[in-house]
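All chains are named by letter (A, B, ...) in the order of the sequence lines, taking the proteins before the strands, and each is independently numbered beginning at 1. Only this structure's heavy atoms are used, side chains among them; waters, hydrogens and symmetry mates stay out.
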Protein chains: 2
Amino acid sequence: MPDDELNLGLLLFIPYRAMENRVFERLAGAGYDITPAQARVFQRISATGSRLTELAEQAQVTKQTAGFLVDQLEKAGYVRRVPDPTDARARLVQIADRGAETIPIAAAVVAEIEAEWTAHLGATQAAQLRRALGKLREITDPYAGPAST
Amino acid sequence: MPDDELNLGLLLFIPYRAMENRVFERLAGAGYDITPAQARVFQRISATGSRLTELAEQAQVTKQTAGFLVDQLEKAGYVRRVPDPTDARARLVQIADRGAETIPIAAAVVAEIEAEWTAHLGATQAAQLRRALGKLREITDPYAGPAST
DNA sequence: CCAAATTAGACAGTTTCTCTGACTACCCGT
DNA sequence: ACGGGTAGTCAGAGAAACTGTCTAATTTGG
């Protein structure tokens, strides 16, 4: 079955899932048990901390769901909640020590996988892929730009 | 925040989700209420019908989960189960009339979106993207090749 | 400058999704 | 025809998502 019979959505999803699977696998192996749902929220936390509502929007879940997931992450020590100095209603979700430990681990797997992909595609095609995806982001990403992982 | 600070995984995910969202939106608008979980299974059904176990593997869920989702799809009239003539243990999940109706609708949205993307990227870069993703599939897709959206 | 609308977040209850474990029915090789 | 493996279901539990409602704080408009 030739690739051009597959729609671009699926074509995008296949490598995405492959990468995600390997990241979770590695993290679990290192003793960091984090679920995909939790990760989707965790990934969006900015360097200075993010509000729950922000996280909910970007992860495309309701505030309730985001709150529930942050509760779990907090209980497991991955994040903490601090009062937002600029708004007494709000609290900032920040990455805590245990959460910070996961970042270099995840980054290492991602780098490995990107190296494998570049080896398979060749430097030219890999660069083309990255360039095209970057440009596609302009019309498909409603949000600024989340951090690592 | 420049694109090359984002890992390829996220770069792949952003347009994927954008496309997925629009397909569900359109389908819901046309009265076809199908959940993402159900869609992940439905999408994998081959032209002649697929076994539950096959669907479960490809959708990366357990047989029990796949069975649960097929139950829902069957109840809503999107699929039917028929005995597998080659193996009395097995049954084939096939796309039923109501399920077949969704296919051209989904295909139309996908075509629209692909046209928008091509317009934004230009024909050359769009072709490069498709080519690179096709090649990436060789090392990231453990399964043959599912049908249309 | 105060009332109204909005926003941040939490609580309660429900539905949907997914898993593990145990089971039946059937297939196939020896 | 026995024994091991495969296809699928049943039962129960936990995770993840939703809607609706509520309080407190902030912003806005008259």
Protein N or O to nucleotides 19-22 of chain C N or O, pairs below 3.5 Å:
from, atom 1, to, atom 2, distance (Å)
C:dC19, OP2, B:T62, N, 2.8
C:dC19, OP2, B:T62, OG1, 3.1
C:dC19, OP2, B:T65, OG1, 3.0
C:dT20, O4, B:Q64, NE2, 3.4
C:dG21, O6, B:Q64, NE2, 2.5

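- Hydrophobic clustering (ILVMFWY, side-chain heavy atoms < 4.5 Å, transitive): A:I45 and A:I103 are in one cluster.
- Under a hydrophobic clustering in which Ile, Leu, Val, Met, Phe, Trp and Tyr are joined whenever their side-chain heavy atoms come within less than 4.5 Å, directly or via other members, A:L12 and B:V110 fall into the same cluster.
- Between A:L121 and B:A132 the shortest heavy-atom distance is CD2-O, 3.7 Å.
- B:L52 approaches B:K63 most closely through the heavy-atom pair CD2-O, 4.0 Å.
- Contacts between residues 66-75 of chain A and DNA chain D, defined by a heavy-atom separation below 4.0 Å, involve A:F68, A:L69, A:Q72, listed by number.
- No donor-acceptor pair under 3.5 Å is formed between the side chain of B:H120 and the backbone N or O of A:L136.
- With sequence neighbours excluded, the residues that form a salt bridge (charged side-chain N to carboxylate O under 4.0 Å, His left out) with A:R26 are A:E112.
- Here A:E25 pairs with nothing under the salt bridge (charged side-chain N to carboxylate O under 4.0 Å, His left out) rule; sequence neighbours left out.
- Classification of A:E74 and A:R80 as a salt-bridged pair fails, no side-chain N sitting under 4.0 Å from a carboxylate O.
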TODO: For salt bridge (charged side-chain N to carboxylate O under 4.0 Å, His left out), just list the numbers for A:R22 and A:E116, CA-CA rounded to whole Å, side-chain angles, deciding distance to a tenth of an Å, and then say yes or no.
DONE: CA-CA 13 Å; A:R22 283 184 56 184; A:E116 287 170 25; 2.8 Å; yes

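- Side chain of A:Q38 to main chain of A:T35: a donor-acceptor pair is present (N/O by atom type, distance under 3.5 Å, no hydrogens or angles).
- Here A:T53 reaches the OP1 or OP2 of C:dG9: one of its side-chain N or O atoms lies under 4.0 Å away.
- Axis angle across the helix from C:dC1-D:dG30 to C:dT30-D:dA1, with five pairs used at each end and values rounded to 10°: 30°.
- Residues of residues 81-91 of chain A that place a heavy atom closer than 4.0 Å to DNA chain C, in numerical order, are A:R81, A:R89, A:A90, A:R91.
- For the OP1/OP2 pair of D:dA17 and a distance below 4.0 Å, the side-chain nitrogens and oxygens of A:R40 include at least one atom meeting the criterion.
- In terms of modelled atom types and a separation under 3.5 Å, the side chain of B:E54 and the main chain of B:R51 share a donor-acceptor contact.
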TODO: Go through B:E114 and B:R130 one step at a time and tell me if the salt bridge (charged side-chain N to carboxylate O under 4.0 Å, His left out) criterion holds.
DONE: CA-CA 11 Å; B:E114 292 197 6; B:R130 181 173 279 281; 3.1 Å; yes

